[in-house]
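In listed order, ligands and their atoms are each counted from 1. In this text, all values refer to a predicted model and were calculated from it rather than measured experimentally.
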Amino acid sequence: LKQVNIQKSTNTRDLNKYTKDQLIIDAGQKHFGATMCKSCGMIYTASSPEDELQHMQHHHRFLEGIKYAGWKKERVVAEFWDGKIVLVLPHDPSYAIRKVEDVQELVDNELGFQQVVPRYPNKTKTFLFISDEKKVVGCLIAEPIKQAFRVLSEPTGPESLSSRECHRAWQCSNVPEPAVCGISRIWVFRLKRRKRIARRLVDTLRNCFMFGSFLSTNEIAFSDPTLDGKLFATKYCNTPNFLVYNFNS
Ligand code: ACO
Ligand code: ZN
């Protein structure tokens, strides 16, 4: 198996910040001053000037990044009451490619990815979920793959997955299985989560990735999933033993 060298740092400043503040909010201790911006979704301490500055910087860059003006030629592959899914292919006009790059940068930033070289840059398919407010609120980047590995069930117990700390603690089989489509990234805007946007992106991917066939969940794999990714994939594939690829062992 050829592995792409993905450098995922789980301790980037932003990620830490989100996680730390999330824990404060989860504990219900709102008097600590953690605030969530209702437009960009960033959690920060309003009473800290340093935090406020960081928020302002993130706020503008983020909202600019997810703004979707609408394109003359857009490939709408699914429509819903609350938005639509647009497919972007490698040879699309530069305005479309640029938007995908901008969104990917925001996503990678949030995921703590640094500089990932796509394996099949000219075979990548990107699905953008565009909300009725003309914002890119979901993104799925897919690539062809040949094989993947099954996540092994973890021992169940009160401690399992009790903390975000162990969110990389999953193991997978070393027996490769044939697969067709890799989900390199899946991301939904923080304020739009749990509205089945990710689910609809993957449904659409399965429908559009290969002409004339609907991919089964045994033909798609998730690249080195985060905790959110794992929870989603387990639910979506209806098994904790879904397929993964591109992990650092
Ligand atoms: N916790 C528990 N269950 C979850 C979660 C979660 N955080 N997210 C999804 N699920 C399950 C639920 O059962 C959900 O159905 P329900 O809401 O009816 O209970 C089901 O999956 C479908 O969820 P969606 O609403 O379709 O998922 P959503 O649109 O919220 O997006 C995603 C999920 C993409 C993982 C989002 O949480 C996200 O962007 N997280 C941050 C980025 C990230 O970690 N992405 C995955 C990286 S791994 C990779 O890219 C291959
Ligand atoms: Zn904001």
Side-chain angles (χ1 to χ4, degrees), residues 4 6 8 10 12 14-15 17-19 21-22 26 34-46 51-66 78 80 82-83 85 103-104 106-113 116 118 124 126-129 131 135-143 145 148-149 151 161 164 167-168 170 172 179 181-206 217 220-240 242-248:
V4 174
I6 294 182
K8 268 190 183 176
T10 44
T12 58
D14 277 14
L15 216 65
K17 189 172 194 53
Y18 276 125
T19 311
D21 289 341
Q22 189 69 56
D26 285 347
T35 314
M36 188 198 277
C37 173
K38 287 193 183 70
S39 19
C40 76
M42 182 170 169
I43 300 155
Y44 64 103
T45 314
D51 258 38
E52 289 249 47
L53 181 66
Q54 228 183 31
H55 168 235
M56 288 320 284
Q57 286 164 346
H58 173 267
H59 187 93
H60 293 296
R61 204 169 59 95
F62 185 85
L63 291 180
E64 201 53 42
I66 66 168
F80 306 98
D82 57 345
I85 296 177
V103 172
Q104 184 172 345
L106 298 175
V107 172
D108 284 358
N109 212 349
E110 189 176 327
L111 289 176
F113 275 96
V116 177
T124 301
T126 304
F127 297 81
L128 300 177
F129 193 105
S131 71
K135 285 182 184 137
V136 180
V137 295
C139 174
L140 187 162
I141 303 176
E143 59 189 350
I145 56 168
F149 302 83
V151 171
L161 276 185
R164 274 184 103 92
H167 72 284
R168 294 257 164 222
W170 50 265
C172 67
C181 172
I183 297 177
S184 155
R185 310 273 198 296
I186 182 156
W187 168 89
V188 170
F189 175 32
R190 185 176 293 273
L191 300 176
K192 298 283 183 186
R193 290 187 190 156
R194 304 302 287 269
K195 296 178 190 298
R196 312 203 147 211
I197 290 178
R199 180 178 280 280
R200 287 179 276 170
L201 280 166
V202 182
D203 286 346
T204 306
L205 163 75
R206 289 167 65 195
T217 51
I220 60 170
F222 293 80
S223 169
D224 194 10
T226 56
L227 174 61
D228 280 348
K230 193 181 164 193
L231 291 166
F232 168 75
T234 298
K235 184 73 181 194
Y236 184 88
C237 299
N238 213 1
T239 170
F242 59 90
L243 292 169
V244 294
Y245 73 109
N246 262 355
F247 40 83
N248 296 312

- prompt: Cationic tip of Arg200 within the cone over Phe129's six-membered ring, i.e. under 6.0 Å and within 45° of the normal?
  reply: no

query: Quick one: does Ile186 get an N or O within less than 3.5 Å of an N or O on ligand 1?
result: yes

query: Would you say ligand 1 has an N or O under 3.5 Å from any N or O of Pro225?
result: no

statement: Here the atoms of ligand 1 under 4.0 Å from any heavy atom belonging to Arg185 are 50 (O)

- prompt: Going by the order shown, which atoms of ligand 1 are within less than 4.0 Å of some heavy atom of Ile183?
  reply: 51 (C)

query: Is there any N or O on Thr226 that sits under 3.5 Å from an N or O of ligand 1?
result: yes

message: So for ligand 1, is Asp224 a polar contact partner (N or O within less than 3.5 Å, distance only)?
response: no

- prompt: Is the Phe242 to Phe149 ring centre distance short of 6.0 Å?
  reply: no

- request: Please identify which atoms of ligand 1 are closer than 4.0 Å to at least one heavy atom of Lys195.
  value: 25 (O)

message: Using a 4.0 Å cutoff against the non-hydrogen atoms of Ala198, which atoms of ligand 1 qualify?
response: 26 (O), 27 (O), 28 (P), 29 (O), 31 (O), 33 (C), 34 (C)

message: Only heavy atoms of Arg199, strictly under 4.0 Å: list the atoms of ligand 1 that pass.
response: 26 (O)

- line: Closest to atom 4 (C) of ligand 1 (heavy atoms only, candidates Arg194, Lys235, Arg190) is Arg194

message: Please verify the inter-ring angle class for Phe232 with Phe222; under 30° counts as parallel, over 60° as perpendicular, anything in between as tilted.
response: perpendicular

message: Quick test of your reading of the structure: of Lys230, Arg196, Arg200, whose heavy atom lies closest to atom 24 (P) of ligand 1?
response: Arg196

- line: Atoms of ligand 1 under 4.0 Å from any heavy atom of Arg193, numbered from 1 in the order shown, are 30 (O), 36 (C), 37 (O), 38 (C), 39 (O), 40 (N), 41 (C)

Whether Phe62 and Trp187 hold their rings parallel, tilted or perpendicular, with breakpoints at 30° and 60°: perpendicular

message: Checking the N or O distance criterion of under 3.5 Å, is ligand 1 in contact with Trp187?
response: no

query: Using a distance threshold of 2.8 Å, what protein N/O/S atoms lie below it relative to the Zn ion (ligand 2)?
result: Cys37 SG, Cys40 SG, His55 NE2, His59 ND1

